[in-house]
Amino acid sequence: MTAKTTILNLPEEEFVHPGSRACAGCGLGIAYRIGLKALGKNTILVVPPSCLTVLQGLYPIATTKMACINVTFASTASVASGVLAALRAMGRKGITVACWAGDGGTSDIGIQALSGAAERLEDFIYICYDNEGYMNTGTQRSGTTPFGAITTNTPILGKQQPKKDVPAILAAHGIPYVATSSAGYPLDLYDKIRKAKTIRGTKYIHILTPCPSGWGFQPKDTAKIGRLAVETGLFDLYEIEDGKFRLTGRSRSMVKKRELVPVKEYFMLQSRFQSISDDYIERFQKEINDRWKRYYNEFSQVS
Amino acid sequence: MQIIESGNVAAALGVKLARAQVIAAFPITPQTPLTEKLSELIESGEMKAEYIPVESEHSALSVCIGAATAGARTFTATSANGLLYMHEQLHWAAGARLPIVMCVVNRGVGAPWNVWNDHQDSISQRDTGWIQIYVNDHQQIIDTVIKAFCIAEKVNIPVMVCYDGYILSHTYMPFYLPDQELVDCFLPPHKSVYALDPEDPRNINTVTLPEARVNVHGVLAHGYMELRYLLQEDLRKSIHTIAEVEERYSEVFNREGGAYLEEYRCRDASYIAVSMGSLSFQLRVAVDALREKGIRIGVAGVRLYRPFPDKAISNALSHANGIIVFEKGMSYGYMGPLASDIKSALYGNVNGNRKLPFVHNYILGLGGRNIRTRDLIDALRNSCKEGESTHMSDTLKWSGLKI
């Protein structure tokens, strides 16, 4: 993608209307509003149960003006495959089919159908918004909840296992496009979705969407947390296009400038990490430093 | 044209004649040859359709749900645990009022593993809001598949066509292949009430509240309960639609068949044996043998199980002295579900002093246990004798049990 979208040339047409049922400061709310602008009107959305189901409103009133089919938790990618098959069978061309699911619906209960669809190289964009837990049901741990995070079913010690790397799992399917994004950088998300629309086959975009109520921070800080996750090197922005990995956006400029914010700053701002010890924070920091050392070696020379 | 083929191929040819547009399936015995045949027909170009080889039965029905919501004519097939794995999506397909057609090639369910025929798989899905039709032979398989699309699309309710694993799926029998032109005339291209369309954006199957709520124009929309009521109402109304479709089919293709049940030597019968699927044809042999011994007995094969055609069934059975229901499925903890439904239907026919027939219930053939005609004859003879003296209904008997 050569020309980056800025706030000046972002389309004005809104598909998410005011009065949604999202919580104040919802990271998904930011990503969804910008994401639908990128997908555009000629889209069919497939949505499993998640915070998005709540955000979209209750029958017969919807927050969004988009053709959308709500589906069961485990069936998102298969229903999207069916929509695509019908469009092909009926000769209806030029419609983008996009799944928009949460991290539980993607990394846990939905992964079988998603893996099957990715293996069949179904021509859809699958967008996972990752608020790192089952927030809609009251903040339970999911496969993508990070180590140490307190949730309502890891209430004292915090989760004792690391975060599942879903983009890597999808990349292992050999699909043509995998990307990560953060609600802290909505225009980066916009450009990645626009790019995904030009690619045939399965496209997977993983967005980190901070959740004030589930993570324990002030609603005003959503964008800040979303950016800090990237700037501490915890959540990297990248694309894997036809198997080729490259850092993008803020992560890319961080390699050039070698400016990694200490991860402790990210943890300190969220009450979900209150059980995490300094030892663990050090371990996290070391993991990040090691990974970023590799990035410096690999990507410093690339313009 | 008459051909000799397996039951599974008969089903596949029915799907081809019906011009299904999207087919999704996952292999499971004894259904597999059906969808293998469809993949072959599609890959060779003989049939124009999308074939989606999914990673599970849950996904097979999910693909059909997506495709049907987008307006396509869809088909899938499964057996046993595959059907159970679809359970959530069965409810979803009916609740979303999608005219999907599915063949269930009946097989016993685990545990323990078993691949042979009984009816537990589809019977245990009877409350999902699907129409369930049971067939007896290869001709009925191909004809019913074609009729099923017609019914489903008229009433916007999904239809299961159930036939016995191995006994029908893997045996070869002659049957007439309906003429494509006639099928096209009988079953025009599918036009759905609403197909997903970005030009007419709607948010489908979103959270619906306990109470009905007004939309942005101030018009009262249905609540969850109204939508569920309509499903029930439309299922009940579909009993007539199914008979109309049957009648039209027999006009076009000149083949008679009972939409609800098929009666054999029932008119003057004092006793009537009842069952579903191919067993009702085997019971005809037992009935013939008993008739020779002077017992006035007939057999009624139930074709339509859901919606339950209670009036037709009670009219057909209530004149008898006794009814003997043979079932390859159970409502565990009670009795055979068909016997239970028949008793309930007969109760609706109570009038004045008229004595209701006794109802005996035999469970047999579970997990493919061999059903000997000799055992059927013995069971029928015993029930006639016992019922005559005690007229008791509350007995559950197992036939062919070795314990």
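In this text the structure is predicted, and so the values were computed from the model without any measurement. Within every chain, numbering begins at 1; the chains are lettered A, B, ... in the order of the sequence lines, protein sequences first and strands thereafter.
With a 4.5 Å cut-off on non-hydrogen atoms, V46(A) does not touch chain B at all. Both the backbone and the side chain of V54(B) come within contact range of chain A, judged by heavy atoms closer than 4.5 Å. In this structure, chain A has heavy atoms under 4.5 Å from both the backbone and the side chain of R213(B). Using a 4.5 Å cut-off between heavy atoms, I95(A) touches chain B through its side chain atoms alone. Only the backbone of V214(B) comes within contact range of chain A, with at least one heavy atom under 4.5 Å from a heavy atom of that chain. In this structure, chain A has heavy atoms under 4.5 Å from both the backbone and the side chain of E55(B). With a 4.5 Å cut-off on non-hydrogen atoms, T208(B) touches chain A through its backbone and its side chain both.
The greatest number of non-hydrogen atom pairs below 4.5 Å with chain B, out of V54(A), I69(A), T96(A), T64(A), is found for I69(A). Put simply, of K65(A), E122(A), R88(A), E119(A), the one with the most heavy-atom pairs under 4.5 Å next to chain B is R88(A). When A77(A), A89(A), S115(A), G57(A) are compared by the number of non-hydrogen pairs under 4.5 Å with chain B, A89(A) comes out ahead. For the set C68(A), A67(A), A86(A), the entry with the most heavy-atom pairs within less than 4.5 Å of chain B is C68(A). Most heavy-atom pairs under 4.5 Å with chain B, from the set A62(A), A80(A), A85(A): that is A85(A). When S75(A), G116(A), P49(A) are compared by the number of non-hydrogen pairs under 4.5 Å with chain B, S75(A) comes out ahead. Per-residue heavy-atom pair counts under 4.5 Å with chain A were compared for I65(B), T74(B), N203(B), V219(B), and the maximum is reached by N203(B). In terms of non-hydrogen atom pairs under 4.5 Å with chain A, the most contact-rich of V216(B), L61(B), D197(B) is D197(B). Interface remark: of the candidates N205(B), T69(B), T206(B), T206(B) forms the most heavy-atom pairs closer than 4.5 Å to chain A.
Taking the six-membered ring where tryptophan is involved, the planes of Y204(A) and H206(A) are tilted, since the angle between them lies from 30° to 60°. Under the 30°/60° scheme for interplanar angles, the aromatic rings of Y32(A) and W100(A) are found to stand perpendicular.
The backbone N or O of R73(B) lies less than 3.5 Å from a partner atom in the side chain of Q21(B), making a donor-acceptor pair. One N or O on the side chain of R97(B) and one on the backbone of V155(B) form a donor-acceptor pair closer than 3.5 Å. Of the possible polar contacts, none joining the K203(A) side chain to the Y177(A) backbone as a donor-acceptor pair under 3.5 Å is found.
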Where do L55(A) and L52(A) land on the side chain to side chain contact (heavy atoms under 4.5 Å, CB included) test, with the steps shown first?
-> CA-CA 5 Å; L55(A) 186 153; L52(A) 182 52; 4.2 Å; yes

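Counting only N and O atoms by type, the side chains of S50(A) and N136(A) include no donor and acceptor under 3.5 Å apart. Side-chain N/O atoms of T209(A) and N131(A) include no donor and acceptor closer than 3.5 Å.
If you run side-chain contact (heavy atoms from CB on, under 4.5 Å) between Y126(A) and each of T76(A), I175(A), V97(A), only T76(A) comes through. For the side chain to side chain donor-acceptor pair (under 3.5 Å) criterion with Y134(A), the lone passing option out of D108(A), T152(A), T145(A), N153(A) is D108(A).
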